[in-house]
Colleague: 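Supplied in structure tokens, the structure appears directly below.
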Amino acid sequence: MSDAPVLLVTGGSRGIGAAISLGAARQGWRVAVNYASNRAAADAVVAEITAGGGEAIAIAGDVGKAEDIPAIFAAVERHFGRLDGLVNNAGIVDMPARIDEMSAERLERMFRINLTGSILCAAEAVRRLSSRHGGKGGVIVNISSMAATLGSASQYVDYAASKAAIDTFTIGLSREVASEGVRVNAVRPGVIDTEIHASGGLPDRASEMAASIPMQRPGTAGEVADAVLYLLSPQASYITGAILNVSGGR
Ligand code: NAP
């Protein structure tokens with residue numbers, strides 16, 4: 001049986017998460033590809049990893065449902081027998097709206113998936129990785145957004161606030177578990193060409209924003225994945241509590 005390290009990527013089936021899953025497999029991780037509902041996309045990522053000689057499984061589970069989260073981690077343990085890293089990547093936007101158009105239901109869903117889900121997943125990971133719990137250490141990378149610093153006025157201030165909370169959580173958690181063998185960092189993507197923009201009603205957002213980005217183009221999922229893979233790697237062994245912008249200068 002392989003003793004290669006095991007990485008769980010939430011929302012690892014499409015977009016940035018899929019690029020992280022594929023890139024991690026190329027670097028020798030065994031990968032648990034979590035998804036919410038699109039089984040075919042998750043299976044395609046697993047098939048591509050397997051075809052390349054890697055090892056992966058698809059695990060269904062909604063990080064916005066507290067009861068799903070322990071089940072996701074239990075499935076990772078059942079299949080691989082260990083966990084070494086977590087990428088808290090699953091996240092959503094919503095339709096562009098001003099604050100005076102936002103409902104309590106919208107806010108509750110936004111924070112439940114983007115923030116509470118990430119915190120609950122990190123808690124499950126720490127219970128397995130931290131030396132305080134008998135673990136061998138490990139690494140967590142949270143996917144934030146440049147929206148955390150820009151605020152996303154007239155588009156989705158709720159999303160921006162959920163990501164700013166991810167930044168604060170990253171700093172606090174990194175200090176909490178630094179002496180227990182667990183590193184915690186975040187990556188802030190700028191405008192990245194994925195399907196998330198269509199899910200927020202703006203399918204052409206990435207190309208339309210190009211002129212407002214200092215590098216004059218949106219980023220790719222692979223470019224974000226490369227930063228995440230670095231933070232996961234031993235090359236980042238003294239980095240914790242860092243938040244890395246991957247945003248073309250935005
Ligand atoms: P995406 O293309 O919409 O993909 C989202 C992925 O997350 C899918 O695999 C989806 O699974 C999964 N997912 C969604 N809700 C989930 C839930 N409740 N539980 C588990 N999995 C869930 O998104 P993306 O653009 O790659 O974004 C990934 C992360 O980067 C998000 O946190 C996002 O906020 C952040 N980000 C993106 C950009 C950008 O411009 N794209 C910029 C800054 C930050 P299904 O296929 O099953 O739905």
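Counting starts at 1 for both ligands and their atoms, in listed order. The analysis underlying the following values was restricted to heavy atoms, covering all of them including side chains, and did not include hydrogens, waters or symmetry mates.
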Colleague: Students should be able to answer this: which protein heavy-atom is nearest to atom 47 (O) of ligand 1, and at what distance?
Modeller: S37 N, 2.7 Å
Colleague: Out of all atoms in ligand 1, which are within 4.0 Å of some heavy atom of I143? Include the element for each.
Modeller: 29 (C), 30 (O), 35 (C)
Colleague: Looking at ligand 1, does any of its N/O atoms fall within less than 3.5 Å of an N/O of G11?
Modeller: yes
Colleague: Taking only Lys NZ, Arg NE, NH1 and NH2, and the carboxylate oxygens of Asp or Glu, determine whether R188 and D167 approach each other closer than 4.0 Å.
Modeller: yes
Colleague: Under 4.5 Å between side-chain heavy atoms, hopping through other hydrophobics if needed: is there a path connecting M102 to L150?
Modeller: no
Colleague: When you measure from the side chain of D84 to the backbone of V6, do you find a donor-acceptor pair of N or O atoms at a distance under 3.5 Å?
Modeller: yes
Colleague: As a check for students: among I192, T10, I16, identify the option with a heavy atom nearest to atom 37 (C) of ligand 1.
Modeller: I16
Colleague: May I ask you to decide whether E105 forms a salt bridge with R109, counting only side-chain N to carboxylate O separations under 4.0 Å?
Modeller: no
Colleague: In the protein, which heavy atom is nearest to atom 21 (N) of ligand 1, and how far is it?
Modeller: A90 CB, 3.5 Å
Colleague: Do other residues, nucleotides or ligands put more than 12 heavy atoms under 6.0 Å from the CD atom of E48?
Modeller: no
Colleague: Give the atom numbers and elements of ligand 1 that come within less than 4.0 Å of a heavy atom of N34.
Modeller: 20 (C), 21 (N)
Colleague: Kindly give the heavy-atom pair with the smallest separation between A206 and P218, and that separation in Å.
Modeller: O-CG, 3.6 Å
Colleague: Atom 15 (N) of ligand 1: which protein heavy atom is closest, and how many Å away?
Modeller: I92 CG2, 3.9 Å
Colleague: With a cut-off of 4.0 Å, which atoms of ligand 1 are near a heavy atom of S13?
Modeller: 8 (C), 9 (O), 11 (O), 46 (O)
Colleague: Check whether any side-chain heavy atom of N185 sits under 4.5 Å from a side-chain heavy atom of V187, and report yes or no.
Modeller: no
Colleague: What atoms in ligand 1 come closer than 4.0 Å to a heavy atom of H197?
Modeller: 39 (C), 40 (O), 41 (N)
Colleague: Can a donor-acceptor pair be found, under 3.5 Å and without considering hydrogens, that links the side chain of R132 to the backbone of V177?
Modeller: no
Colleague: For ligand 1, which atoms sit closer than 4.0 Å to a heavy atom of G15?
Modeller: 2 (O), 26 (O)
Colleague: How far is atom 17 (C) of ligand 1 from its nearest protein heavy atom, and which residue and atom name does that atom have?
Modeller: D62 OD1, 3.6 Å
Colleague: Determine, for R205 against E208, whether the closest basic-nitrogen to carboxylate-oxygen distance falls under 4.0 angstrom.
Modeller: no
Colleague: Give the atoms of ligand 1, by number and element, whose distance to some non-hydrogen atom of E195 is under 4.0 Å.
Modeller: 2 (O)
Colleague: Indicate, with yes or no, if M209 and V93 share a hydrophobic cluster defined by side-chain heavy-atom contacts under 4.5 Å among Ile, Leu, Val, Met, Phe, Trp and Tyr.
Modeller: no
Colleague: Considering only non-hydrogen protein atoms, determine which one is nearest to atom 19 (N) of ligand 1 and report residue, atom name and distance to 0.1 Å.
Modeller: V63 N, 3.0 Å
Colleague: One residue to check: A42. Relative to ligand 1, which of side chain, backbone, both or neither has a non-hydrogen atom less than 4.0 Å away?
Modeller: neither
Colleague: Answer with side chain, backbone, both or neither: which part of R188 has a heavy atom less than 4.0 angstrom from an atom of ligand 1?
Modeller: neither
Colleague: Heavy atoms only, cut-off 4.0 Å: how does K163 contact ligand 1, side chain, backbone, both, or neither?
Modeller: side chain
Colleague: Name the closest protein heavy atom to atom 27 (O) of ligand 1, giving the residue it belongs to and the distance to 0.1 Å.
Modeller: I196 CD1, 3.8 Å
Colleague: How far is atom 34 (O) of ligand 1 from its nearest protein heavy atom, and which residue and atom is that?
Modeller: Y159 OH, 2.6 Å
Colleague: Within the distance-only criterion (no hydrogens, no angle test), does the side chain of R183 pair as donor or acceptor with the backbone N or O of L231 below 3.5 angstrom?
Modeller: yes
Colleague: Out of A36, G190, G61, who is nearest to atom 42 (C) of ligand 1 when you count heavy atoms only?
Modeller: G190
Colleague: Have a look at T194, I69, N89 and point out the one with the heavy atom closest to atom 41 (N) of ligand 1.
Modeller: T194
Colleague: Select the closest option to atom 14 (C) of ligand 1 among G17, G219, G91, S162, judged by heavy-atom distance.
Modeller: G91
Colleague: Which residue owns the protein heavy atom closest to atom 46 (O) of ligand 1, what's the atom, and how far is it?
Modeller: R14 NE, 2.6 Å
Colleague: Whether the side chain of S152 engages the backbone of Q155 through a donor-acceptor N/O pair (distance < 3.5 Å, no angle test) should be reported.
Modeller: no
Colleague: Going by atom types alone, do S118 and N142 pair a side-chain donor with an acceptor below 3.5 Å?
Modeller: no
